[in-house]
Amino acid sequence: MQKYEKLEKIGEGTYGTVFKAKNRETHEIVALKRVRLDDDDEGVPSSALREICLLKELKHKNIVRWVNGRPPRLTCRPDLKKYFDSCNGDLDPEIVKSFMYQLLKGLAFCHSRNVLHRDLKPQNLLINRVSFGARRRPRPLVVTLWYRPPDVLFGAKLYSTSIDMWSAGCIFAELANAGRPLFPGNDVDDQLKRIFRYPCNAQPTMTKLPDYKPYPMYPATTSLVNVVPKLSSTGRDLLQNLLKCNPVQRISAEEALQHPYFADFCPP
């Protein structure tokens, strides 16, 4: 570690802290992740080992790489949340499309290998690269509240790639609105109320979930034109297919990449 000079803290999560740092010899800017150890831990936590193994396996241009047996070295570009803060409420539609395409490419690659991200949010997305702290084993507490699908909010213990697709839909709407979150709930109850105000009413399919309780069935009168006014009609159709309350009906990452929204897009 002596060869690196820590410059600033980039972010902090459940499993560790990420710092922006500089190689003292090459002056290369990298990111260093310090894994959090509890007092009763013996050796490296299983969560960190699992992440290391997956990063070594998931070799894709839209996923952070593990380099030469060392922790992930990232060019310290801003994450999507910081980018939102810098764009003054305006994001070019082609930039929105490019970001969304890259996110879906990374997800499709992970999902094809039975890996779920489970915590997609703007703070976990680097510009042009997706920062995946991916994990294989589902656990009850997943996904930051604003990007959590209603089936998980109702206590679903078993879920699939659809959990990431709902989060991707929330991020898509946030991109289209230059950083304004779609469902910024204060708690689980408020989150569900916000979700069911939109044309998504699928509560009858969720009645058997552990934490289910009925919410008002709002008439589906809220138009996506009003929700994401700057998004094209094909973009709104893709968003609607990502934000299906019934997880079985949610579009997959591979299907989303074939959506007409990307018909005129030339990948970078």
Report summary line: Note: A176 and V96 closest approach over all heavy atoms is N-CG1, 4.3 Å

Report task. Find out whether C170 and L243 are in side-chain contact, i.e. whether some heavy atom of one side chain is under 4.5 Å from a heavy atom of the other. Result -> yes

Query raised in the report: Would you call R194 and P184 a side-chain contact if the rule is heavy atoms closer than 4.5 Å?
Result: yes

Report task. Using distance alone, with no hydrogens and no angle criterion, decide if S98 and E94 have a side-chain donor and acceptor under 3.5 Å apart. Result -> no

Query raised in the report: Can you name the nearest heavy-atom pair linking L7 to K22, along with the distance?
Result: CD1-CB, 4.2 Å

Query raised in the report: Are any non-hydrogen side-chain atoms of K213 and D189 less than 4.5 angstrom apart?
Result: yes

Requested in this report: Decide, yes or no, whether a salt bridge links K193 with D187 under the criterion of side-chain N to carboxylate O below 4.0 Å.
Outcome: no

Query raised in the report: Could you state the interatomic distance from CD (Q258) to CD1 (I251), rounded to the nearest 0.5 Å?
Result: 9.5 Å

Query raised in the report: For the residue pair L238 and A256, what are the closest heavy atoms and their distance?
Result: CD1-CB, 3.9 Å

Query raised in the report: Do L107 and L120 have side-chain heavy atoms sitting under 4.5 Å apart?
Result: yes

Query - Note, M100 side chain near L239 side chain (heavy atom, < 4.5 Å) - result: no

Query raised in the report: Below 4.5 Å, heavy atoms only, C-beta onward: do I195 and Q191 meet side chain to side chain?
Result: yes

Requested in this report: May I have the step-by-step check of side chain to side chain contact (heavy atoms under 4.5 Å, CB included) for K230 and N177, ending in yes or no?
Outcome: CA-CA 7 Å; K230 295 183 180 180; N177 289 330; 5.8 Å; no

Query - Reported OG1-to-CG distance for the pair T161 and N114, which is rounded to 0.5 angstrom - result: 9.5 Å

Query raised in the report: Can you find a heavy atom in the side chain of L145 that is under 4.5 Å from one in the side chain of L153?
Result: yes

Query raised in the report: Is the closest side-chain heavy-atom distance between T26 and K3 below 4.5 Å?
Result: no

Requested in this report: Could you go through the side chain to side chain contact (heavy atoms under 4.5 Å, CB included) check for R250 and D151 one step at a time?
Outcome: CA-CA 12 Å; R250 246 167 259 156; D151 46 305; 2.9 Å; yes

Query raised in the report: Under the side chain to side chain contact (heavy atoms under 4.5 Å, CB included) criterion, do F172 and L182 qualify, and how do the steps go?
Result: CA-CA 9 Å; F172 188 21; L182 183 61; over 6 Å; no

Requested in this report: Check the angle between the aromatic planes of F183 and W166 and answer parallel, tilted or perpendicular using the 30° and 60° thresholds.
Outcome: parallel

Query - Nearest heavy-atom neighbours spanning F265 and Y101 - result: CE2-CG, 3.4 Å

Report task. Establish, for the pair K97 and Y261, whether the NZ or CZ atom is under 6.0 angstrom from the six-membered ring centre and no further than 45 degrees off its axis. Result -> yes

Report task. Could you grab the distance from atom CZ of R236 to atom CG of N241, nearest 0.5 Å is fine? Result -> 13.5 Å

Query raised in the report: How far does CH2 of W146 sit from OG of S167, to the nearest 0.5 angstrom?
Result: 14.0 Å

Requested in this report: Of all the heavy-atom pairs spanning A108 and L257, show the shortest one and how long it is.
Outcome: CB-CD1, 4.0 Å

Report summary line: When rounded to the nearest 0.5 Å, the distance separating OH of Y147 from CG of D164 is 14.5 Å

Report task. Taking all heavy atoms of A253 and all of L104, pick out the closest pair and write down the distance. Result -> CB-O, 3.8 Å

Query - Test item: E255 side-chain N/O and S252 main-chain N/O as donor-acceptor pair under 3.5 Å - result: yes

Requested in this report: Enter the distance from R180:CZ to E174:CD here, rounded to the nearest 0.5 Å.
Outcome: 9.5 Å

